[in-house]
Protein chains: 4
Amino acid sequence: MSEQGHNQLTTIVQRIESVEAEIKELGEGRKEIYLEAKSNGYDVKALKAIVARRRQDQEKLANHEMLVDTYEAALG
Amino acid sequence: MSEQGHNQLTTIVQRIESVEAEIKELGEGRKEIYLEAKSNGYDVKALKAIVARRRQDQEKLANHEMLVDTYEAALG
Amino acid sequence: MSEQGHNQLTTIVQRIESVEAEIKELGEGRKEIYLEAKSNGYDVKALKAIVARRRQDQEKLANHEMLVDTYEAALG
Amino acid sequence: MSEQGHNQLTTIVQRIESVEAEIKELGEGRKEIYLEAKSNGYDVKALKAIVARRRQDQEKLANHEMLVDTYEAALG
DNA sequence: CGGACAAGTTTGCCAC
DNA sequence: GTGGCAAACTTGTCCG
């Protein structure tokens with residue numbers, strides 16, 4: 001029936017909006033963590049720098065692992 | 001104990017990284033939803049436009065409430 | 001002449017700085033308008049809220065036009 | 001009459017919006033200058049850095065002048 | 001001076 | 001793969 005397409009669209013949009021609502025919640029949670037840290041005397045900017053740096057380290061590590069896997073595969 | 005400050009910092013960073021990991025997961029989930037919709041024949045750009053528009057509507061509504069509060073306060 | 005590249009760069013920077021000077025002037029003019037309104041008994045915060053709201057309305061309208069275009073394109 | 005307050009408010013908002021429209025125009029003009037420079041082979045990021053640096057120099061110079069004036073005044 | 005708000009800058013994404 | 005577009009983050013500004 002012609003209703004089907006509409007319902008499917010509705011479902012898609014709802015799923016996306018649900019996911020985005022969760023993301024927004026988490027983002028606010030993160031902000032609260034930073035504020036709490038700030039009230040405990042931590043420098044937020046420095047904290048963010050640390051987190052960013054560790055994220056880059058992780059990405060670099062992931063790249064390394066991927067390379068190792070690639071080499072292993074190439075070696076049969 | 002002298003370990004405390006270190007542990008507090010460690011805890012903060014872990015909590016942030018945990019939240020960010022969840023956000024990343026959800027972002028990937030959203031991407032999959034769009035891909036699935038695309039494979040069902042939907043136009044992704046139009047879908048995103050719809051979601052963006054609905055989000056703006058929500059923001060506008062929230063803004064309206066805030067404005068009412070502002071006016072109330074301004075009227076003393 | 002070899003002077004040309006330098007002059008072109010000089011011209012560019014001057015044009016940008018000229019524009020930025022005008023922007024700064026206008027920003028100061030806006031501030032004066034708010035101060036004048038305040039001295040006439042208006043609540044500056046509420047005034048700014050009104051202006052912001054009207055701006056959002058305009059943006060929403062512009063967005064609507066964009067959406068219509070998107071839909072048209074999506075419908076091929 | 002009660003109309004007066006409304007008209008005054010209207011005038012205020014119109015003046016502000018007029019100023020903001022001019023600011024927006026100028027901002028777009030600046031963007032065009034950067035794009036034009038880019039199409040002439042300049043690095044936009046570097047250009048912006050130059051402009052920012054010169055702005056800081058100007059502020060520093062203005063501070064210096066202000067200090068000189070202050071000293072002159074203090075010396076009678 | 002500290003937090004709220006806006007501006008600018010950077011980053012990731014998608015279309016070409 | 002490149003360049004334009006939209007979103008996130010960072011920086012600066014203004015008010016209380």
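Chain letters run A, B, ... following the sequence lines, proteins first, then strands; residues in each count from 1.
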Fill in: 5' priority, DNA chain E, between C/Lys45 and B/Lys31 [closest heavy atom]
C/Lys45
Worksheet item: To the nearest Å, how far apart are C/Asn63 CG and F/dA6 P?
Response: 9 Å
Discussion item. Hydrophobic clusters here meaning ILVMFWY residues chained together by side-chain heavy-atom distances under 4.5 Å, can you tell me if C/Val51 and B/Tyr71 are in one?
Written reply: yes
Fill in: N/O (side chain, A/Arg30) to phosphate O (OP1/OP2, F/dC9) under 4.0 Å
yes
Practice prompt. Find which nucleotide of DNA chain F each of B/Arg55 and D/Gln56 is nearest to by heavy atoms, and output the residue with the more 5' nucleotide.
Written response: B/Arg55
Worksheet item: Given side chains that start at C-beta, do those of A/Val44 and A/Leu35 come closer than 4.5 Å, heavy atoms only?
Response: no
Practice prompt. Take atom CG of C/Leu47 and atom P of E/dC5, then tell me their distance rounded to the nearest Å.
Written response: 16 Å
Worksheet, complete the sentence: When rounded to whole Å, the CD to P distance for the pair C/Glu20 and E/dG8 reads 8 Å
Discussion item. Whole angstroms only, please: what is the CG-P distance between A/Asp43 and E/dG3?
Written reply: 12 Å
Discussion item. I'd like to know if C/Glu20 and D/Arg55 make a salt bridge, using a cut-off of under 4.0 Å between side-chain N and carboxylate O.
Written reply: yes
Fill in: Minimum-distance nucleotide to C/Lys48 side chain [options: F/dC15, E/dC14, E/dT10]
F/dC15
Fill in: Nearest listed nucleotide, side chain of D/Lys38, among F/dT11, F/dG4, F/dA7
F/dG4
Practice prompt. For B/Lys24 and E/dC13, give me the distance from atom NZ to atom C1', rounded to whole Å.
Written response: 16 Å
Item to complete: Check the distance between F/dT10's C1' and A/Ile50's CD1 and give it to me in whole angstrom.
Response: 17 Å
Worksheet, complete the sentence: Between CD of B/Glu59 and P of E/dC5 the distance, given in whole Å, is 14 Å
Worksheet item: Nearest of F/dG16, F/dG4, F/dA6 to any side-chain atom of C/Met66?
Response: F/dA6
Practice prompt. Report the distance from atom CZ of B/Arg53 to atom C1' of F/dA6, rounded to the nearest whole Å.
Written response: 18 Å
Practice prompt. State plainly whether the residues C/Lys60 and B/Asp57 are in salt-bridge range, i.e. N to O under 4.0 Å.
Written response: yes
Worksheet item: So does D/Glu36 pair up with C/Arg15, basic N to acidic O under 4.0 Å?
Response: yes
